[in-house]
Structures are given as C-alpha cells and as structure tokens.
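Order of the sequence lines fixes the chain letters, A, B, ..., with proteins taken first and strands second; residue numbering starts at 1 for each chain. Computed from a predicted structure; not experimentally measured.
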There are 2 protein chains.
Amino acid sequence: MVRATIEDVAEAAGVSVATVDRVLNGRAAVRPKTAARVEQAVRRLNYQPDRLAARLARAREYRFCFILPEGANAFMIALADAVREEALRMAGEKVVIDLRHTDVFEAAVLAAALDEVGAVYDGVAVVALDHPQVREAINALDARGVSVVTLVSDVPGSRRSHYVGIDNSAAGRTAATLMGRYLCGRAGKVGLIAGSLSLRDHIERQFGFEQVMAHDYPNLTLLPVREGRDDRHKVQHVAEQLLADHPDMIGLYNVGAGSTGIAAALEGAGRQRKVVFITHELTDDTRRALIDGTIDIIISQDAGHEVRSAIRVLMSKADRAPIVEQMERIRIDIYLRDNIP
Amino acid sequence: MVRATIEDVAEAAGVSVATVDRVLNGRAAVRPKTAARVEQAVRRLNYQPDRLAARLARAREYRFCFILPEGANAFMIALADAVREEALRMAGEKVVIDLRHTDVFEAAVLAAALDEVGAVYDGVAVVALDHPQVREAINALDARGVSVVTLVSDVPGSRRSHYVGIDNSAAGRTAATLMGRYLCGRAGKVGLIAGSLSLRDHIERQFGFEQVMAHDYPNLTLLPVREGRDDRHKVQHVAEQLLADHPDMIGLYNVGAGSTGIAAALEGAGRQRKVVFITHELTDDTRRALIDGTIDIIISQDAGHEVRSAIRVLMSKADRAPIVEQMERIRIDIYLRDNIP
DNA sequence: AGGCTGCTGATAGACGCCTATCAGGAATTG
DNA sequence: CAATTCCTGATAGGCGTCTATCAGCAGCCT
C-alpha cells in the first residue's frame, strides 16, 4: 500500500492530472461537477500531496522576518541568537530569515516597522506591544496576505494567525503557588516588580499571581507593583527601595527582566536566601543566582523552541497547511537548582 | 546568492557531477587528489545537499519500530498513542512506523524481541530494561547497522545511538527539593514507592531523591523504598501499608506509575492534603488528583515530544546526518494545579 | 603490444509535483 | 446555427538529487 500520487487521483477521477492540479491549487476554473469528482477521488485514495516534492517543484523561497526589541535584556539576546541559529539551519531549506530590532515599547515605531516589512516577506514574527496602533498594523499585514505570529507577548484581538509563547497568566499563578508554599504559611509581605505594564505578558503574569495570592494565601500581603522597565539598573534601584521600605518583606516575584539587579539588591541588603525570590527566564546570570540560592525558582520559556515553533507555523501558513496545535504548545519551564539543563 | 547545486560544485572542481556524487556518497573509488579537489569546492561554495531533493530522489522508505511495555500503565498508553499518531502523520513522508508490545521486564523476552525486529527495520526505539542480555541485543542490532534509541529508560554502556528521555536523577533531585520546601522544615518521615528497581529510570530518580534529601533535609527521615511494580492495585496496597505503619509520614514520593492507587490509599486513610504527595507523569487520573489537591506536584515528560524526538533521531541516523542536540533534549515538566495544559 | 585495472565523464531516467502552453471539445450566447 | 467563451486534456520542462550504465582514457602489468 504505497501512497497515492497525483496521477492515481487523476485516473480514479477519470480526469487528467492537469485538472487535478487545477482543483487542488485553485489554478483555474473547473466545473463544479468535475471538481467534486476529483475531491471524492482525493478522499477515497486518502491522497495528500508530497510536501517535499511540492516544495522542490515550487522552487519557492520563504522569506520571514523576526522583529525583536532592541533593548537587550538577556532573554531577548538569547531569542535573537536562536533566530540567527535557525536562520543558518533553514538556509538549506529555501527559507530566508531576517532579524530586525526595533523599539517595541513605542507603538508608533513598532507599527511603522511592521508596515515597512510587509512588502518583502511572506511572514512576520514579532514581540509585540499590545496597543491599538500595533493591532492595526498587524491587521494590515494580514490583509496584505502576510501572516503574522506574535512571539512571547501576544496581541489578543488582532488578526495574528498564532501566538507563540507561554500562557503567562498560568505562569503567574504558578509563581504564586510556589511562593505560597515556599513561605510555609508565614505572614508577611510579598513584593512584585514588573518590566512594563504595557507588555501583555507582564500584565498577565501579574494578574495570575495576584489572583492566586489573594485567593489561597491570605496570610501574605501583596505590595503594589513597581515598574523596573526591564532595565538592570533601574530594577536594582527599585528593588533596593522595596527592601528598604519593607524590612518584613519575605517574598519577591519579578515578572520581567533585570533579575541580576534584584539579586544585587538582595545581596546588598544581606537578605539573599531570606527572601524567597522567584523570577523569569533562565539566562547565564539567573542560572548562577539560582545555583547559589539567591534565586529560588526560575520560570522560563525556551527561546529555541519558540523560534522553531514560529518558523514552523509561518511555513504552514505559507503553504496553507494546518498546524499541529499540540506540537506548537510552548511549555512553562520551571527550574530549580536541581534541574538546570 | 542562491545556494549551490551539485553542478556548481562539479564545475568549480573541474570534474563531472558523477564524480562529485561519488565523493559525496562514497559510491565508488575516486583518486584521492580528485576527491580533495571536490571537497575543497564543497567547502568553498558552502555546498550542502538539498535534503528535500535527496529524499525525493532516494525514494526510500524509512522503517522504524517502537517497542513498548505491554503492561499498560497510563503513561505507556499515552506513549503508544503518540506513536500511532506520529505513524499516521509520517506516513505522508515515506516513514513507516510499527509498534510492538513486549514484556520489557523479562530481559530474555525483550532481547528476543530486539533480535527479531533487526532484520526488517532501519531503526528501533525501545523502552528498555537495563540488563546485560538486553545490552547485548542492542549491541547486536547496532552491529547489524540498525540504529537503536532508548526511550524513557536508558541502557547506559550499550551502543544505543541516543537516549530519548529526561534526566531522571535530576528529576529525583527536583522532587526532593520541592518536597523539602513544601514541608517547611518540619520533622517527619517521607515514604518512597518505586515501580521496579530493575528499570534504570526508577533507580536514578530514587538516587537523586535520596541524595538531596540526605544532604539538604536532615529533618526528614527517608523510609526504605517499597516496590509497587507499576501496578495500580499493588501500589495501593503498598501505600496503605506505608500509611498504616507510619502515622507520622508527612511526605510521599512515587517514583513510578500507579499514582491512582496511592491517591486512593491517601483518601482511604483520610490523609490526602496532609501528606505532601509528589509523583510522576501527567495523565487523566493524575491531573484530576492534582486539581483536587491530593497530588501536590507532578513531574512529567511529554510522550508526544519523546516520540517525535525519537523519530527525528532515527531518521538522522539513517541519513547519517548529525542531530541537533539542543533540540532533542527532553525536558522535565513540572506541573502544579496552576499550569496544567 | 595487448590486456588489465582504476578512474572519470556523459547521460538517461527516476522521484512527485508545479507551471505553462496549446489545442480541441463542450457549453453558452446572440 | 454560428460565434464565442468556458473547460479540459496532453504534454513538455523544471526543481536538485540519486542511481545506473556505458564509454573512454590513462597507466600498469605481463
């Protein structure tokens, strides 16, 4: 039982291969009756075009563009590295991947960047700000036939064809539960530092965290969020303030980047390992802090997986082929010092 | 800058495409001097054969076999389902995947099964018992040119070309740290139930768990391991015994399958949510117990990912192509009730 | 010199699909 | 009923590689 070819279908339907091709690829008008015969034959033989042969024949280049923030925190650098690495690997498969950096915090700038790339690429992956202007730009791309996937941070309500990233509110809830359990029913204050509250992912994490905290751990008092803008130094300053203001703070959750700033602040105050510190993204720095105990838990996402997933999705969209949802789910990685890769 | 074809290489090296092909695929003897010229041209043009075209031309079927335990705990069923699902998907890519069930606990039976499949397949993935006889059978397959990957449980020291599965000792350590933290410095006993101590994965988990327990949590007394054979009923019996024998047991780590038996025992004794219960593998049953709080943490591995990884590895081996290590790392998934997929 | 062997070139024919073109038959229009 | 438009068939050529075959040329041996 070998797989059927386009010729088998043609024969079974009593038409020519040209007609089968016309039906399959919508190349020209075909009488409905004929088309129906072809489609029936396709189903009967369970014909599915050989994607390899198709891509070979099309001799088509896929052109994709990744748009990442230019402000370079460690995770975004890892993401950019992953893009470059995959670009190399995929070069052998007629896939061209470009990488652009933009100020993603400025809606206008990001929207302009999105408009600009539309003419050239088949698909765009973007770490996006959730803002009406950006949403418009994404919708415009989609209207032009350029498929868009959001990466790491989503823009719900836009016509992006897929979101590649973790469920951030689940990540926040997870952080809260671990915080609560690690604190063992003690009473005290828990601090919260975010990067920017205009990034969807941060908002959602915070939301999930607060939800579980309020519901399950009434013994803990959640301090108002402070914004650190994902900048190491600013974050450190914020953390120092927080520590000074609240000598009875026993837990700290960092929603965004700049963890090293917090680690420094904790060490400066001599309160490392006394404050349960949970943060995001495994990088060289956070790994080190995790090993020496300053960080208790890192919640992370795998940049390599995300980039590969984004590419697979964009390719599927370009081929108008379905994606395997289950395969494209990006998981929440939880790292303790014991399971660091 | 389009990518180079085999013809470009031929031209650059001043030879015919036939010769380039002979060098690249070791098809026939080529004078060393000529071969060197070709190889230089390959490097200079950064030529890499188009894998799509190659596979198309070879018109080759890959035949792989998965050998799984016939004793059907939920995880193994999920694994088998994943194999069947991927078999369907890959059918479109000239990859034929068969699935066999065997008593993997009997070294002789498993070894016989391995011997048997050797003649037919290009590659074999096996959930293997770590036993000299099995090791021999694996080595024999390798000698015959059939590549073998171990799945879920490794056979170190054998000539398997790859192990697809999590780092089990890290998983054990992770369980221990979470257990220790969840128990908040209280003193008490911690129970340990394993499936079979002849499966490598269970031994390693236990080892990792004991290591961290002994080192970091001297307040906790680790009870001697009890074997439950991965059988729901036997496991339940063992758990009931354990609970009866030790009213002061405050933590329980299940290294193997049969978690539902333990959940039943805990509920029977009215000690659910009083004993911190950590176990492995997310299934419908364990998910439910996690949600209602009987299970505190599930450490898991994604069957779908493992199967896909095994297939990718086997295909690479069949093509003599390198694998992307980083992409084939199977991660330890940690699930709380907050991040269940 | 004749017969080897060893290496190389040329080339045809897959693999399964896409693209394009041309011709002729069928259906539609006035 | 003729003129037109709409569908369909046939077929060639290509995508980049593999496989196989045959012919030719050099150098070696006896």
### Query
Excluding sequence neighbours, so at least two apart, what forms side-chain contact (heavy atoms from CB on, under 4.5 Å) with B:H162?
B:V149, B:V164, B:V313, B:I323, B:E325, B:E328
### Net bend of the helix from C:dA1-D:dT30 to C:dG30-D:dC1, end axes of five pairs each, nearest 10 degrees
40°
For nucleotides 15-18 of chain D, give me every protein contact, N/O to N/O, under 3.5 Å, one pair per line with atom names.
| residue | atom | partner | partner atom | Å |
| --- | --- | --- | --- | --- |
| D:dC15 | O2 | A:A57 | N | 3.3 |
| D:dT17 | OP1 | B:Y47 | OH | 2.8 |
| D:dT17 | OP1 | B:D50 | N | 3.1 |
| D:dT17 | OP2 | B:I6 | N | 2.8 |
| D:dC18 | OP2 | B:N25 | ND2 | 3.4 |

### Task
May I ask you to list the residues of residues 30-40 of chain B, by number, that have any heavy atom positioned under 4.0 Å from an atom of DNA chain C?
B:V30, B:R31, B:T34
### Task
Sequence neighbours left out, what pairs pass side chain to side chain donor-acceptor pair (under 3.5 Å) with at least one residue falling in residues 28-37 of chain B?
none
### Under the salt bridge (charged side-chain N to carboxylate O under 4.0 Å, His left out) test, residues paired with B:D98 that sit two or more places apart
B:R63
### Task
Please identify each residue that fulfils salt bridge (charged side-chain N to carboxylate O under 4.0 Å, His left out) with B:D115, with sequence neighbours left out.
none
Who are the side-chain hydrogen bond (donor to acceptor under 3.5 Å, both in side chains) partners of [X], not counting sequence neighbours?
{"X": "B:D21", "value": "B:N25, B:R27"}
{"X": "B:D154", "value": "B:T150, B:R160"}
{"X": "A:E116", "value": "A:R100"}
{"X": "B:S147", "value": "none"}

Tabulated below should be each protein N or O lying under 3.5 Å from an N or O of nucleotides 4-6 of chain C; please produce it.
none

